J.: 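Below you will find the structure I want to go over with you.
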Protein chains: 2
Amino acid sequence: MVTINDIARLAGVAKSTVSRYLNGGSVSAKTKAKIDKIVAETGYKPNTFAQSLKAKNTAMIGTIVPRLDSYATTQGLKGIDEQLRAVDYQLLITNSNQDIQREIEAIYAYAKQKVAGIILFATVITDEHRKAIDSSKVPVIILGQQADGYHSIVHDDYQAGYMLGKYAVSLGHRIFTYFGVFEDDIAVGQKRKQGILDGIKPNGKIKIIETTFAIEAAYQKALQILPKMESSYVICATDNIALGVLKAAHELKMVIPDQFSLSGFGDYDVTTAVFPMITTIKFPYYQSGVIAAENLYQLIEGEKIPEIIKLDNQLVERESTKRLK
Amino acid sequence: MVTINDIARLAGVAKSTVSRYLNGGSVSAKTKAKIDKIVAETGYKPNTFAQSLKAKNTAMIGTIVPRLDSYATTQGLKGIDEQLRAVDYQLLITNSNQDIQREIEAIYAYAKQKVAGIILFATVITDEHRKAIDSSKVPVIILGQQADGYHSIVHDDYQAGYMLGKYAVSLGHRIFTYFGVFEDDIAVGQKRKQGILDGIKPNGKIKIIETTFAIEAAYQKALQILPKMESSYVICATDNIALGVLKAAHELKMVIPDQFSLSGFGDYDVTTAVFPMITTIKFPYYQSGVIAAENLYQLIEGEKIPEIIKLDNQLVERESTKRLK
DNA sequence: ATGAAAGCGCTAACAA
DNA sequence: TTGTTAGCGCTTTCAT
């Protein structure tokens with residue numbers, strides 16, 4: 001293993017000079033050239049542990065995700081990864097498995113590990129979260145939920161819901177059924193829903209069904225609900241839920257969009273792989289990852305960034321919705 | 001920040017004693033109790049960088065995945081994560097984005113970072129891979145592809161293909177079309193295909209179409225192929241490909257399984273969310289992650305593990321295939 | 001611009 | 001069982 005001492009010896013300088021060379025201190029062009037050469041020849045890489053031991057942080061950024069197997073997560077991670085690679089940061093991932101306690105622990109663990117920054121894929125922000133974030137002096141960016149006092153990047157769920165509601169109403173629909181999720185989830189369970197409600201008001205009437213994020217659960221629920229449903233439009237809180245409803249409809253021999261229109265949120269890949277292709281709202285998941293990483297980097301570098309960034313969504317109209325005659 | 005020196009001073013012992021206490025060396029019960037107390041009071045946590053600086057490795061294990069957004073990846077990662085958490089290892093993830101060069105770099109980077117072990121989600125193992133693995137003295141487990149001389153965990157792709165071939169033939173089918181992928185991918189492109197070929201031989205005739213892992217590509221390809229196809233059974237190398245074919249069939253108003261049977265590999269979630277639900281081969285992705293993590297841990301602890309572990313697959317018969325009349 | 005020297009927090013001989 | 005003593009590879013004063 002080649003160390004800074006070797007380089008110093010081979011270059012005929014003091015190791016402090018090499019250190020300065022490494023860290024952008026003042027080194028003469030001649031010395032620099034000399035060290036450049038030695039470094040190239042030896043393939044020397046500074047030991048990051050020795051570096052981190054003194055410098056009080058590392059070139060790692062930690063992410064905390066509620067689950068690995070969701071479209072939003074993987075796309076966001078992809079965006080983050082791409083950016084981080086560019087600035088040579090190592091990406092750490094902790095899967096909390098939707099367990100709040102694990103999220104908290106992860107924050108403390110990251111702090112101890114002296115990560116340069118943390119990106120939290122949030123579903124809720126509790127006081128414990130706040131405590132953990134505050135006590136560790138690490139820059140944090142919260143992705144997916146808004147939290148006063150913290151830097152966050154959110155998909156504008158209210159706007160998304162509102163846009164969809166308006167769209168559905170514009171198609172002539174008046175009676176709706178909504179397959180939503182529990183309200184603990186601020187973004188999806190509350191804001192998205194509220195947007196929808198406001199979007200169809202005062203023209204529409206809506207019946208609210210609560211289910212989970214799982215396809216299967218939505219499918220089972222839909223199997224009960226659909227037969228006696230009177231709505232002409234079913235709004236689902238996510239594309240997976242829409243998928244479950246679609247399947248149930250198929251099973252019940254109900255034809256979409258003839259018997260009722262159906263739409264989801266998310267623009268998951270599969271929405272175009274099924275028939276009918278599902279109308280949905282596209283959230284820029286990948287882009288949110290990119291922005292999160294960029295902003296975190298700014299934050300680490302001590303620059304100012306806006307406290308909250310809202311990303312715009314986009315209605316993607318496909319085959320599962322149609323004008324009510 | 002409280003250090004080993006503080007603990008030593010407060011406990012009235014030498015810091016080497018504290019170090020021994022930390023690392024399970026011989027310490028008297030009395031001293032241990034004393035240090036226990038101080039540690040609890042101060043909330044002392046050893047500095048991992050200082051530890052890693054001396055000890056030649058860390059409590060991190062590195063994974064290298066070709067992509068984040070695949071079912072196999074997320075399930076495998078989930079299994080690994082679960083196991084690693086139990087033994088208090090930090091999970092590192094590098095997304096190579098299907099770039100061989102990045103994989104190689106990641107191995108070197110991990111070695112330099114002194115990870116305790118590496119799990120490589122492999123598509124191919126090149127000489128460069130071998131060189132990288134050999135030069136870094138880190139225990140490595142290869143997931144998904146077999147590589148002589150290295151520890152690997154594989155889904156038995158040949159067996160999977162063979163099983164499916166036999167099944168299709170048993171249903172009375174004789175003329176097949178296969179939507180496969182390039183042969184660079186040993187597991188899917190070669191072994192799985194060979195299994196299928198052997199499974200239908202000598203009863204069947206098969207036409208081979210090459211596409212990619214993307215739904216869209218398969219869909220486009222199928223749109224060309226299906227209209228003039230004479231096969232009664234379409235075998236797809238993955239469920240995503242099957243999804244693409246299914247969509248094309250729908251578009252072409254071809255009814256599955258009446259006009260032709262269709263099956264995939266992988267048992268992705270969506271195979272049950274579409275109509276007809278797709279017959280497929282279920283690979284134990286999650287379990288393979290669990291086993292990879294367990295074995296890697298054994299390896300790190302210096303125990304012996306079998307060089308190759310083959311995991312069994314399972315045929316999941318659903319609605320997209322039927323007996324040929 | 002450069003070098004000498006003193007640590008960072010910990011581990012690991014070696015002696016006692 | 002315990003303490004003493006060198007470092008691990010690097011950064012950072014402080015002189016020069």
Side-chain angles (χ1 to χ4, degrees), chain A residues 1-39 42-60 88 90 109 111-116 137, chain B residues 1-39 42-60 88 90 108-109 111-116 136-138 300:
Chain A
M1 159 171 254
V2 29
T3 76
I4 198 173
N5 277 306
D6 300 326
I7 304 299
R9 188 166 32 75
L10 291 170
V13 298
K15 64 178 181 175
S16 50
T17 302
V18 181
S19 175
R20 244 175 272 117
Y21 160 91
L22 250 23
N23 298 289
S26 56
V27 196
S28 73
K30 203 160 57 183
T31 327
K32 178 173 181 330
K34 204 159 47 179
I35 301 180
D36 268 340
K37 186 152 160 285
I38 310 278
V39 166
T42 55
Y44 165 72
K45 301 274 183 222
N47 178 315
T48 47
F49 300 107
Q51 286 181 312
S52 305
L53 183 56
K54 298 235 57 160
K56 295 301 187 194
N57 67 339
T58 62
M60 306 187 291
D88 238 40
Q90 161 80 261
K112 185 188 144 201
Q113 246 181 105
K114 294 182 197 155
V115 297
K137 317 285 280 180
Chain B
M1 156 173 257
V2 29
T3 76
I4 198 172
N5 276 306
D6 300 326
I7 305 298
R9 187 165 34 74
L10 291 169
V13 297
K15 66 177 179 172
S16 51
T17 302
V18 181
S19 175
R20 244 175 273 118
Y21 160 93
L22 251 22
N23 298 288
S26 55
V27 197
S28 74
K30 203 161 58 183
T31 331
K32 178 173 178 332
K34 202 160 49 179
I35 301 180
D36 268 340
K37 185 152 163 286
I38 310 278
V39 167
T42 54
Y44 165 71
K45 301 274 185 222
N47 178 315
T48 47
F49 301 106
Q51 287 180 312
S52 305
L53 183 55
K54 296 237 57 159
K56 293 303 185 192
N57 67 340
T58 62
M60 305 188 290
D88 238 41
Q90 161 79 262
Y108 286 116
K112 184 186 141 205
Q113 247 183 102
K114 295 184 198 155
V115 297
S136 58
K137 318 285 281 180
V138 180
I300 292 169

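Please read all numbers here as calculations on a predicted model, not as lab measurements.
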J.: Quick one: closest heavy-atom pair of B/L53 and A/A50, and the distance?
T.: CD1-CB, 3.6 Å

J.: Give a yes or no on this: more than 12 heavy atoms of other residues, nucleotides or ligands lie within 6.0 Å of atom NZ of B/K37.
T.: no

J.: First locate atom OG1 of B/T3, then atom NZ of B/K15, and finally report the distance between them rounded to the nearest 0.5 Å.
T.: 8.0 Å

J.: Measure the shortest side-chain to side-chain distance between B/T42 and B/D6 over non-hydrogen atoms and say whether it is less than 4.5 angstrom.
T.: no

J.: State, yes or no, whether a side-chain contact exists between A/T48 and A/T58 at a heavy-atom distance under 4.5 Å.
T.: no

J.: Distance check needed: C/dA1 C1' versus A/I35 CD1, whole Å only.
T.: 11 Å

J.: Could you tell me whether the side chain of A/N23 and the main chain of A/G25 form a donor-acceptor pair under 3.5 Å?
T.: no

J.: Quick one, give me the B/S/- string for nucleotides 10-16 of chain C, reading 5' to 3', where B means a protein heavy atom under 4.0 Å from the base and S means that only happens at the primed atoms, P, OP1 or OP2.
T.: BBB----

J.: Nearest 0.5 Å, what's the OG1-CG distance between B/T17 and B/L22?
T.: 11.5 Å

J.: Please tell me if the side chains of B/Y44 and B/I35 come closer than 4.5 Å, counting only heavy atoms from C-beta onward.
T.: no

J.: Contact list please: residues 26-34 of chain B against DNA chain C, heavy atoms, distance less than 4.0 Å, in numerical order.
T.: none

J.: What's the spacing between A/I7 CD1 and A/K34 NZ if we round to 0.5 Å?
T.: 13.0 Å

J.: Looking at five pairs on each end of the helix from C/dA1-D/dT16 to C/dA16-D/dT1, what is the angle between the two axes, given to 10 degrees?
T.: 30°

J.: How close or far is atom C1' of D/dG7 from atom CG of A/L53, stated in whole angstroms?
T.: 13 Å

J.: Among B/V27, B/T31, B/I38, find the one that has a side chain to side chain contact (heavy atoms under 4.5 Å, CB included) with B/V13.
T.: B/T31

J.: May I have the distance from B/Y21 (atom OH) to D/dG3 (atom C1'), rounded to whole angstrom?
T.: 19 Å

